[in-house]
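Here the structure is laid out as structure tokens; the discussion comes afterwards.
Atoms within each ligand, like the ligands themselves, are counted from 1 in listed order. Nothing here was measured: the structure is a model prediction, and the numbers come from that model.
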Amino acid sequence: MPFPLLEEHRMTQQTARDVAQKEIAPHASEWSHSGTFPKSAIQKLAKLGLMGVCVPEEYGGSGLDHFSYILALEEIAVACASTAVIMSVNNSLVCEPLKLFGSETQKKTFLTPLAQGKKLGCFCLSEPNAGSDAGNQQTVAVKKGDRYLLSGTKNFITNGPQADFAIVFAVTDKTQKKKSVSAFIVDKHQKGVEVGKVEKKMGIQASGCCQLIFNETEVPIQNLLGSEGEGYKIALRTLDGGRIGIGAQAVGIARAAFEAASSYAKERHQFGKPIAEFQAIQWILADMATQIEAARLLVHQAAYLNDQGRPFTKEAAMAKLFASETAMKVTTDAVQVYGGYGYSKEYPVERFFRDAKITEIYEGTSEIQRLVIAAQVLK
Ligand code: CAA
């Protein structure tokens with residue numbers, strides 16, 4: 001199914017492409033190698049309304065659809081995968097559940113500054129023993145008068161070191177397991193929240209990732225997102241949308257690798273001619289281009305269904321699975337096209353290769369995406 005772009009889609013795509021190529025791409029390698037959080041890039045995205053793309057304007061967002069969002073995200077990911085994941089967590093994993101499940105007060109207090117990019121959000125689901133098995137939450141929320149006390153450890157929290165607000169999942173009754181998971185909005189700067197180990201990662205080093213430790217953190221009852229016991233469904237619904245974003249990020253990384261490899265192939269001479277004139281290289285480039293287009297179509301399909309209000313769990317998982325595996329394949333082949341230079345940090349493809357790997361892992365590993373798809377097709 002082709003997805004013709006409307007005028008607003010083209011404008012958002014072009015705006016994102018301009019900022020990505022002019023303001024982000026020139027610094028991406030340096031940010032990544034030095035592990036510098038791209039604060040200036042996030043501020044620029046905020047000014048353009050890209051930190052709350054699908055949030056209604058009355059809550060500080062751009063009021064655009066999910067299709068616009070993934071078009072913009074692909075452009076940012078072409079320039080810098082780290083900046084893309086920071087943007088995607090804020091949009092997909094924090095603004096989106098606040099928009100869908102938040103009360104009016106929660107939208108005014110938390111969603112608005114997050115969508116404006118004045119504050120940054122993170123999503124605290126994973127734990128030391130609740131990764132793929134996200135239902136095995138050990139973080140507890142104990143109700144005490146007009147507040148809950150949250151205690152537990154959250155792992156691999158993207159944006160964790162820099163975030164202002166966190167959506168934290170915790171159980172109110174351990175015996176009820178996933179049925180008693182609830183979602184809470186927590187001010188990360190408050191007493192009882194500690195930044196634990198900061199991860200040293202293989203790729204996307206410009207984005208922050210850490211453990212967050214909650215130690216009897218006081219959360220007012222009005223910060224319960226949705227109702228008590230609804231948290232696991234909120235998490236899975238949120239991840240459905242998030243997975244489309246990671247699919248778009250993966251397409252962006254793959255596109256960056258393809259663009260680099262194809263121009264290198266035209267410049268690099270061996271055996272008296274550009275290596276692009278050898279069929280061995282042409283076939284690699286042809287496969288790359290084909291896989292990227294297929295991945296993009298799956299991402300577009302999932303975003304389109306989401307915008308139509310139709311079920312999209314299966315399509316989001318397919319988009320994420322196919323796009324992330326495409327990113328890994330395309331970036332691996334891009335290193336091969338560059339030969340020895342591809343293995344050097346002087347050229348960008350080794351960064352694309354390292355950045356691509358995480359798209360097969362976070363927001364549900366490829367194995368989990370296959371489980372989700374299988375459950376849907378066997379229904
Ligand atoms: N939307 C809403 N509700 C859903 C749902 C969805 N997509 N999928 C299932 N549910 C509902 C079910 O209907 C069920 O409800 P009932 O109890 O009323 O029947 C309930 O949720 C539980 O469903 P399951 O028993 O099928 O779920 P499960 O516990 O077997 O788990 C899973 C399924 C697919 C393995 C899930 O745990 C999963 O997706 N795991 C991966 C976790 C993940 O992606 N983590 C990413 C962390 S965030 C991150 O990575 C951010 C970052 O760094 C960038």
Side-chain angles (χ1 to χ4, degrees), residues 73 77 81-97 100-101 120-137 139 154-163 166-169 171 176-183 198-199 201-204 206-212 226-227 229-250 302 305-306 309-321 324 355 357-376 378-379:
L73 193 52
S82 298
T83 305
V85 75
I86 298 163
M87 170 180 162
S88 115
V89 166
N90 199 71
N91 276 275
S92 304
L93 300 188
V94 186
C95 286
E96 192 73 6
L100 294 176
F101 304 100
L120 189 69
C122 66
F123 180 82
C124 302
L125 179 67
S126 300
E127 297 185 355
N129 290 310
S132 291
D133 185 9
N136 183 35
Q137 295 286 304
T139 299
K154 295 292 178 176
N155 256 22
F156 298 126
I157 304 306
T158 300
N159 289 354
Q162 296 81 18
I167 295 189
V168 183
F169 296 88
V171 283
Q176 295 295 308
K177 300 196 168 188
K178 54 194 170 191
K179 293 236 177 280
S180 87
V181 175
S182 297
V198 176
E199 299 295 337
K201 296 176 274 132
M202 174 195 287
I204 57 163
S207 73
C209 180
C210 68
Q211 239 179 16
L212 285 181
S227 50
E230 202 190 355
Y232 196 49
K233 287 184 191 175
I234 292 177
L236 295 184
R237 170 62 181 79
T238 300
L239 284 167
D240 282 346
R243 288 166 183 167
I244 312 176
I246 300 305
Q249 182 200 22
L305 290 172
N306 189 4
R310 286 162 58 187
F312 66 97
T313 298
K314 179 188 73 184
E315 289 77 8
M318 285 177 165
K320 201 244 180 208
L321 173 65
S324 60
D355 288 348
K357 185 62 201 169
I358 190 60
T359 65
E360 291 185 319
I361 298 171
Y362 57 24
E363 301 204 25
T365 60
S366 294
E367 292 72 22
I368 290 296
Q369 305 313 321
R370 288 187 167 90
L371 274 184
V372 171
I373 296 162
Q376 295 284 325
L378 292 171
K379 245 185 197 172

Worksheet item: Closest heavy-atom contact between Asn306 and Phe312?
Response: OD1-CE2, 3.4 Å
Item to complete: Would you kindly specify which portion of Val89 sits under 4.0 Å from ligand 1, judged on non-hydrogen atoms: side chain, backbone, both or neither?
Response: side chain
Fill in: Sub-4.0 Å heavy-atom contact, Leu93 with ligand 1
yes
Fill in: Where ligand 1 meets Gly131 - atom numbers and elements under 4.0 angstrom, heavy-atom basis
42 (C)
Discussion item. Using a 4.0 Å heavy-atom cut-off, which part of Leu371 comes near ligand 1: side chain, backbone, both, or neither?
Written reply: neither
Response to the item:
Within the 4.0 Å heavy-atom cut-off, what Arg243 brings close to ligand 1 is side chain
Response to the item:
Under 4.0 Å between heavy atoms, the region of Ser132 that gets near ligand 1 turns out to be backbone
Worksheet item: Is at least one protein non-hydrogen atom found at under 4.0 angstrom from atom 26 (O) of ligand 1?
Response: no
Item to complete: Mind listing the closest non-hydrogen atom pair of Pro97 and Ile234 along with its distance?
Response: CB-CG2, 4.3 Å
Practice prompt. Enumerate the atoms of ligand 1 whose separation from the nearest heavy atom of Val372 is less than 4.0 angstrom.
Written response: 34 (C)
Fill in: For atom 53 (O) of ligand 1, closest protein heavy-atom neighbour
Thr158 OG1, 2.8 Å
Item to complete: Would you indicate whether Phe156, at its atom CZ, is surrounded by more than 12 heavy atoms from other residues, nucleotides or ligands within a distance under 6.0 Å?
Response: no
Discussion item. Surrounding NZ of Lys201 (heavy atoms of other residues, nucleotides or ligands, distance under 6.0 Å), is the total greater than 12?
Written reply: yes
Response to the item:
Residue, atom and distance of the protein heavy atom nearest atom 18 (O) of ligand 1 read Lys233 NZ, 2.7 Å
Fill in: Numbered atoms and elements of ligand 1 in range of Asp240, under 4.0 angstrom, heavy atoms
1 (N), 6 (C), 7 (N)
